[in-house]
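Chain identifiers are assigned alphabetically (A, B, ...) following the order of the sequence lines, protein sequences preceding nucleic acid strands; residue numbering begins at 1 within each chain.
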2 protein chains.
Amino acid sequence: MAKGKSLDELTDPVFYILVALVEPRHGYAIMQYVEEETEGTFKIGPATLYTIIKKLLDSGLIEAEPDSEPRRKTYVATNYGISKLEEEVERRSRMVDLATIVLQTRGRKGQ
Amino acid sequence: MAKGKSLDELTDPVFYILVALVEPRHGYAIMQYVEEETEGTFKIGPATLYTIIKKLLDSGLIEAEPDSEPRRKTYVATNYGISKLEEEVERRSRMVDLATIVLQTRGRKGQ
DNA sequence: CTCCTTTATATCCATATTTGATATATCACT
DNA sequence: AGTGATATATCAAATATGGATATAAAGGAG
């Protein structure tokens with residue numbers, strides 16, 4: 001049901017696109033969503049967007065959905081995509097926790 | 001004091017290497033540290049490691065430190081590197097929070 | 001003393017990922 | 001008719017990553 005390579009880790013743009021597609025959205029709306037949610041700090045251009053959409057369709061993380069407007073293509077995360085996103089949230093959460101502890105431990109030097 | 005490009009976002013291996021270098025470590029010890037801390041789920045090979053060490057030295061996030069053993073090269077994060085790591089932890093934390101909220105909101109459909 | 005494993009650093013090159021630039025077309029507004 | 005926003009799409013270049021490989025010294029086993 002998926003043919004991509006690993007998918008053990010999701011990159012930043014893949015992560016944001018999957019988050020956007022927890023609700024159905026078309027490509028352009030994904031770009032706007034990510035820019036708004038990150039207050040302009042993370043932007044996804046069309047090249048990155050459509051490259052990744054293709055990859056996510058191929059690997060079964062998202063699927064196409066019918067849209068009323070003919071010139072738009074709407075996508076949404078599959079159940080598989082949602083669970084992959086949940087895994088990735090946990091993975092990133094652990095990364096944050098590790099770094100937080102390490103940074104805390106530092107400072108109180110020696111002992 | 002830094003000549004790298006953006007550094008606005010750190011990739012996964014860069015993140016792990018910087019976390020490892022909150023305390024002084026030499027290259028091989030970084031590889032072992034990351035593998036241990038991630039329980040074998042994330043491995044950094046020599047190619048990735050030394051490529052990134054070079055990049056981090058160039059951009060001033062880490063610096064070399066004298067080591068008793070002559071055949072080892074020890075590195076440690078600079079103050080600049082620590083603050084970059086802190087920023088990145090916050091950035092990733094916000095990503096986790098966003099995804100968590102979005103995933104929570106889903107499920108209770110309509111309204 | 002020789003073999004093997006671990007430690008340790010380093011690079012080549014192929015593959016994967018990302019992105020700037022560009023192209024096309026429709027729609028809304030003036 | 002012209003401009004800006006909407007909307008999808010691709011090319012080519014730049015970046016990033018990782019498997020394989022090379023080198024060498026140290027430590028332990030037999």
Side-chain angles (χ1 to χ4, degrees), chain A residues 2-18 20-21 24-36 38 40-59 61-62 64-76 88 95, chain B residues 2-18 20-21 24-36 38 40-59 61-62 64-76 88 95:
Chain A
K3 67 178 181 191
K5 298 97 251 278
S6 71
L7 287 171
D8 278 349
E9 295 111 22
L10 308 183
T11 60
D12 286 358
V14 172
F15 183 87
Y16 276 124
I17 290 171
L18 249 193
L21 292 182
R25 276 191 176 89
H26 61 274
Y28 194 76
I30 295 170
M31 288 196 262
Q32 291 177 313
Y33 174 80
V34 173
E35 185 163 353
E36 279 163 32
T38 64
T41 54
F42 200 92
K43 285 173 196 173
I44 295 174
T48 307
L49 180 76
Y50 294 106
T51 305
I52 290 175
I53 283 177
K54 224 170 274 169
K55 206 186 80 175
L56 293 181
L57 284 171
D58 281 354
S59 49
L61 298 195
I62 65 171
E65 226 188 38
D67 192 298
S68 49
E69 309 257 350
R71 75 169 165 142
R72 295 199 300 214
K73 292 189 186 171
T74 297
Y75 307 96
V76 69
E88 179 66 13
M95 289 178 80
Chain B
K3 67 178 182 191
K5 300 97 248 288
S6 72
L7 287 172
D8 278 349
E9 294 111 23
L10 308 183
T11 60
D12 286 358
V14 172
F15 182 88
Y16 277 123
I17 290 171
L18 249 193
L21 292 182
R25 277 191 176 86
H26 61 273
Y28 193 76
I30 296 170
M31 289 195 261
Q32 292 177 314
Y33 174 81
V34 172
E35 186 165 352
E36 279 164 32
T38 63
T41 55
F42 201 92
K43 285 173 196 172
I44 295 175
T48 307
L49 180 76
Y50 293 106
T51 304
I52 291 175
I53 283 177
K54 225 171 273 168
K55 207 186 78 176
L56 293 181
L57 284 172
D58 280 355
S59 48
L61 298 195
I62 65 171
E65 224 188 39
D67 193 297
S68 49
E69 309 257 348
R71 73 168 166 144
R72 295 198 301 215
K73 292 188 185 170
T74 297
Y75 308 95
V76 68
E88 178 66 13
M95 290 178 79

Participant: Would you kindly give the CD1-to-P distance between Ile52(A) and dT18(C), to the nearest whole Å?
Facilitator: 5 Å

Participant: At their closest point, which heavy atom of Val76(B) faces which heavy atom of Glu65(B), and how far apart are they?
Facilitator: CG1-OE2, 3.7 Å

Participant: What are the two closest non-hydrogen atoms of Ala64(B) and Tyr75(B), and how far apart are they?
Facilitator: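 The answer is CA-CD2, 4.0 Å.
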
Participant: So, is Thr51(B) near the phosphate of dA16(D), with a side-chain N or O under 4.0 Å from OP1 or OP2?
Facilitator: no

Participant: In whole angstrom, give the distance that lies between atom CD of Glu9(A) and atom P of dA16(D).
Facilitator: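 For the pair Glu9(A) CD and dA16(D) P, the rounded distance is 17 Å.
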
Participant: Check whether any side-chain N or O of Tyr28(B) sits under 4.0 Å from OP1 or OP2 of dT7(C), and answer yes or no.
Facilitator: yes

Participant: I need the minimum non-hydrogen distance between Pro24(B) and Thr74(B), along with the two atoms involved.
Facilitator: CB-CG2, 3.9 Å

Participant: I want to check something: taking the side chain as every heavy atom from C-beta on, are Tyr50(A) and Lys54(A) in contact at a cut-off of under 4.5 Å?
Facilitator: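 No, their side chains stay 4.5 Å or more apart.
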
Participant: Closest approach of Leu49(A) and Gly27(A), non-hydrogen atoms and distance?
Facilitator: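 Of all heavy-atom pairs spanning Leu49(A) and Gly27(A), the closest is CD2-O, 3.3 Å.
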
Participant: DNA chain C: Arg72(B) or Thr11(A), which has the more 5' nearest nucleotide?
Facilitator: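 Final value for this comparison: Arg72(B).
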
Participant: How is Gly27(B) classified with respect to the nucleic acid when contacts are heavy atoms under 4.0 Å: base, sugar-phosphate, or nothing?
Facilitator: sugar-phosphate

Participant: When the distance from CZ of Phe15(B) to P of dA16(D) is rounded to whole Å, what number comes out?
Facilitator: 18 Å

Participant: Could you state the atom-to-atom distance from NZ of Lys55(B) to P of dA10(C) in whole Å?
Facilitator: 18 Å

Participant: Could you go through the side chain to side chain contact (heavy atoms under 4.5 Å, CB included) check for Leu21(A) and Arg25(A) one step at a time?
Facilitator: CA-CA 6 Å; Leu21(A) 292 182; Arg25(A) 276 191 176 89; 3.8 Å; yes

Participant: Rounded to whole Å, please give me the gap between CD1 in Ile17(B) and C1' in dA16(D).
Facilitator: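 Rounded to whole Å, this separation is 12 Å.
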
Participant: State which of dT10(D), dT9(C), dG18(D) makes the closest approach to the side chain of Thr48(B).
Facilitator: dG18(D)

Participant: What's the closest nucleotide to the Ala47(B) side chain, out of dT11(C), dT6(C), dT17(D)?
Facilitator: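 For the Ala47(B) side chain, the nearest candidate turns out to be dT11(C).
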
Participant: Going by the rule ring-ring contact (aromatic ring centres under 6.0 Å, His included), which residues pair with Tyr16(B) if we only count those two or more places apart in sequence or in a different chain?
Facilitator: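 Once residues adjacent in sequence are excluded, the partners of Tyr16(B) under the ring-ring contact (aromatic ring centres under 6.0 Å, His included) criterion are Phe42(B).
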
Participant: Over how many whole Å does the gap from Gln32(A) atom CD to dA5(D) atom C1' extend?
Facilitator: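 Atom-to-atom, Gln32(A) to dA5(D), this comes out as 9 Å.
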
Participant: Nearest whole Å is fine: how far is dA5(D) C1' from His26(A) NE2?
Facilitator: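 Nearest whole value for this atom pair: 12 Å.
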
Participant: How close do Thr48(A) and Pro13(A) get, heavy atom to heavy atom, and via which atoms?
Facilitator: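 In this case the closest contact between Thr48(A) and Pro13(A) is CG2-CB, 4.0 Å.
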
Participant: Take atom CG of Leu10(B) and atom P of dT17(D), then tell me their distance rounded to the nearest Å.
Facilitator: 10 Å

Participant: Spell out, as yes or no, whether a donor-acceptor pair under 3.5 Å connects the side chain of Glu88(A) to the backbone of Leu10(A).
Facilitator: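 Between the backbone of Leu10(A) and the side chain of Glu88(A) there is a qualifying donor-acceptor contact (under 3.5 Å).
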
Participant: As a quick check of understanding, evaluate side chain to side chain contact (heavy atoms under 4.5 Å, CB included) for Ile53(B) and Ile30(B), giving each step before the final call.
Facilitator: CA-CA 10 Å; Ile53(B) 283 177; Ile30(B) 296 170; 4.3 Å; yes

Participant: So for the helix from dC1(C)-dG30(D) to dT30(C)-dA1(D), with five pairs setting each end axis, what is the inter-axis angle to 10°?
Facilitator: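 End-to-end axis angle for the helix from dC1(C)-dG30(D) to dT30(C)-dA1(D): 10°, rounded to 10°.
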
Participant: Kindly give the atom pairs (protein nitrogen or oxygen, nucleotide nitrogen or oxygen) under 3.5 Å for nucleotides 23-28 of chain C.
Facilitator:
residue	atom	partner	partner atom	Å
dT26(C)	O2	Arg71(A)	NH1	2.9

Participant: Under 4.0 Å between any heavy atoms, over every strand shown, what does Lys43(A) touch: base, sugar-phosphate, or nothing? Just pick one.
Facilitator: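 The residue Lys43(A) makes no contact with any strand.
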
Participant: Can a side chain N or O of Lys54(B) be found less than 4.0 Å away from OP1 or OP2 on dA10(C)?
Facilitator: no

